[in-house]
Amino acid sequence: MEGDAGKGLECQKTMVGRVTDDGNAADMAIIPSCCLKAKASDPELEAKCHSTVVSGWFSEPGLCSGKAGKRVYFNNPMWPGEAHSLVVERILYKEKSEYQEILVFESSAYGKVLVLDGIVQLTEKDECVYQEMIAHLPLCSIQSPQNVLVVGGGDGGVLREISRHSSVELIEICEIDKMVIDVSKKFFPELAIGFEDPRVQLHIGDAAEFLRHAPEGKYDAIIVDSSDPVGPAQELVERPFFETIARALRPGGVLCNMAESMWLHTHLIQDMISICRETFKGSVHYAWASVPTYPSGVIGFLICSTEGPPVDFIHPINPIEKIEGALEHRRELRFYNSEIHTAAFALPSFVKREVTFLRDSPTMAKRNSVS
Ligand code: SPD
């Protein structure tokens, strides 16, 4: 299978570097898209990619003042050649933590926005999509989940969603950056309310280290709510991390992992699926949803189960509509329902073509083909 992955795929070349106000390329380099993941960990680029607010607009990636007041536009290697901008009403907070730069601003179109190292993590208006999907896709796919671990997720939104599940007894969360939690408590109380659930146990620290010491088979579900794999989150898309997750899950336990955009990162998705197919001996699927303020307007979820009782991810065995009080707990569900759950696994044809592990089985392909 793996050998086929590169066949027939045109490895696109992308300009990575800086462009000045007058449109001139400065320090531009051409690198193939398949190498962007590696390039993303280039510390020099990382340092330059942090966004700033210029003339009342926040841009991801940033605009910075260059020599002689010229604006310099930075490409983000995770989504080269594009930028996403929001009008800033007010900057509410900007501080450097031990790990990253944290920015909170009030936007005119999406309410308050949380930005880490220049990348939008959530906005008040559309955060419901990501938090609801990453929590309920896995938890509605298994019967009576009890022990759940969240990796990252310091804003608390995923905790808020998990707490809708009355069967859950323990919700552990391991977040590396305490400042993200404090900032969320101050500026995003609708998300940070998740920390108020008495079932929540907070650990501040490195999740990879935490998982290495976790008892084998402890969790029914693990949810990885990380930032993009640039800088501190890089190791969260690598094989050793997935191996520790599989070890910490019970047989037939489930992982749901943030898995970027099918428009931008098919190579990364292919890599992650390839690792997870070898690591999780149950099933491995990819689902997606639309989030207007994330690059390319979509976000994906990699969802896997360990060997054990089989898990049918596509048809939720534990539908949210049947869990007492779940639809209204803390606040109404805004995006997720059982129909959205099943629909999220339907993949566009180009994704099935480009990510070889997501291709239809020969029977499905025959059924889907137009005769
Ligand atoms: N490209 C942005 C991906 C952000 C994923 N993490 C979001 C955190 C929300 N709890």
Side-chain angles (χ1 to χ4, degrees), residues 36-37 40 46 49-51 58-62 76-80 82-84 86 99-104 110-138 149-163 171 173-177 179-181 183-185 187-195 200 207 223-234 236-237 256-265 268-269 272 287-302 334-336:
L36 287 173
K37 188 180 152 200
E46 263 174 49
C49 279
H50 297 179
S51 72
F58 162 85
S59 279
E60 171 194 281
N76 183 314
M78 290 287 294
W79 37 89
E82 57 184 284
H84 309 263
L86 292 169
Y99 302 96
Q100 55 208 337
E101 186 182 89
I102 304 176
L103 168 71
V104 179
Y110 283 86
K112 276 183 248 159
V113 184
L114 173 67
V115 179
L116 299 181
D117 275 349
I119 298 176
V120 172
Q121 299 301 307
L122 59 93
T123 77
E124 281 182 315
K125 184 169 175 175
D126 65 6
E127 57 88 7
C128 56
V129 182
Y130 178 87
Q131 331 282 358
E132 292 181 14
M133 291 295 277
I134 204 168
H136 305 307
L137 284 174
L149 171 68
V150 179
V151 169
D155 51 73
V158 175
L159 301 176
R160 177 194 71 207
E161 292 308 317
I162 297 171
S163 65
I171 313 171
I173 172 167
C174 186
E175 162 65 55
I176 198 163
D177 196 344
M179 203 186 265
V180 172
I181 301 174
V183 166
S184 185
K185 285 186 176 166
F187 296 103
F188 298 95
E190 283 229 12
L191 288 99
I193 196 170
F195 285 99
V200 170
I223 296 170
V224 181
D225 174 14
S226 61
S227 44
D228 299 287
V230 182
Q234 174 77 38
L236 305 188
V237 294
C256 190
N257 204 109
M258 191 279 282
E260 298 296 348
S261 159
M262 62 191 180
W263 289 107
L264 302 168
H265 307 117
L268 175 58
I269 296 166
M272 288 170 81
W288 62 282
S290 136
V291 180
T293 55
Y294 284 168
S296 81
V298 301
I299 194 81
F301 307 96
L302 182 60
R334 294 185 180 168
F335 187 81
Y336 178 88

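Whatever order the structure lists them in is the order used to number ligands and atoms, beginning at 1. Throughout, numbering of the chain's residues begins at 1 and tracks the sequence.
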Enumerate the pairs of nitrogen or oxygen atoms, one from ligand 1 and one from the protein, separated by less than 3.5 angstrom; state names and distance to 0.1 Å.
unit_1: ligand 1; atom_1: 1 (N); unit_2: Asp228; atom_2: OD1; d: 3.0
unit_1: ligand 1; atom_1: 1 (N); unit_2: Asp228; atom_2: OD2; d: 2.9
unit_1: ligand 1; atom_1: 6 (N); unit_2: Gln121; atom_2: OE1; d: 3.3
unit_1: ligand 1; atom_1: 6 (N); unit_2: Asp225; atom_2: OD1; d: 3.3
unit_1: ligand 1; atom_1: 6 (N); unit_2: Ser226; atom_2: O; d: 3.0
unit_1: ligand 1; atom_1: 10 (N); unit_2: Gln131; atom_2: OE1; d: 3.1
unit_1: ligand 1; atom_1: 10 (N); unit_2: Asp155; atom_2: OD1; d: 3.3
unit_1: ligand 1; atom_1: 10 (N); unit_2: Asp155; atom_2: OD2; d: 2.6
unit_1: ligand 1; atom_1: 10 (N); unit_2: Asp225; atom_2: OD2; d: 2.7

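Residue Ser227 comes nearest to Met258 through the heavy atom pair O-CE, 3.7 Å, listed as atom of the first residue, atom of the second, then distance.
Note that Lys125 lies in the cation-pi zone of Tyr110, set by a 6.0 Å cut-off to the ring centre and a 45° limit from the axis.
Ring planes of Tyr130 and Phe301: tilted class, angle from 30 to 60°.
Under the rule for a ring-ring contact (aromatic ring centres under 6.0 Å, His included), the partners of His136 that lie at least two apart in sequence or sit in another chain are His165, Tyr336.
Side chain to side chain, Gln121 and Asp155 fail the donor-acceptor criterion of an N or O pair below 3.5 Å.
The closest side-chain heavy-atom distance from Tyr99 to Leu116 is not below 4.5 Å.
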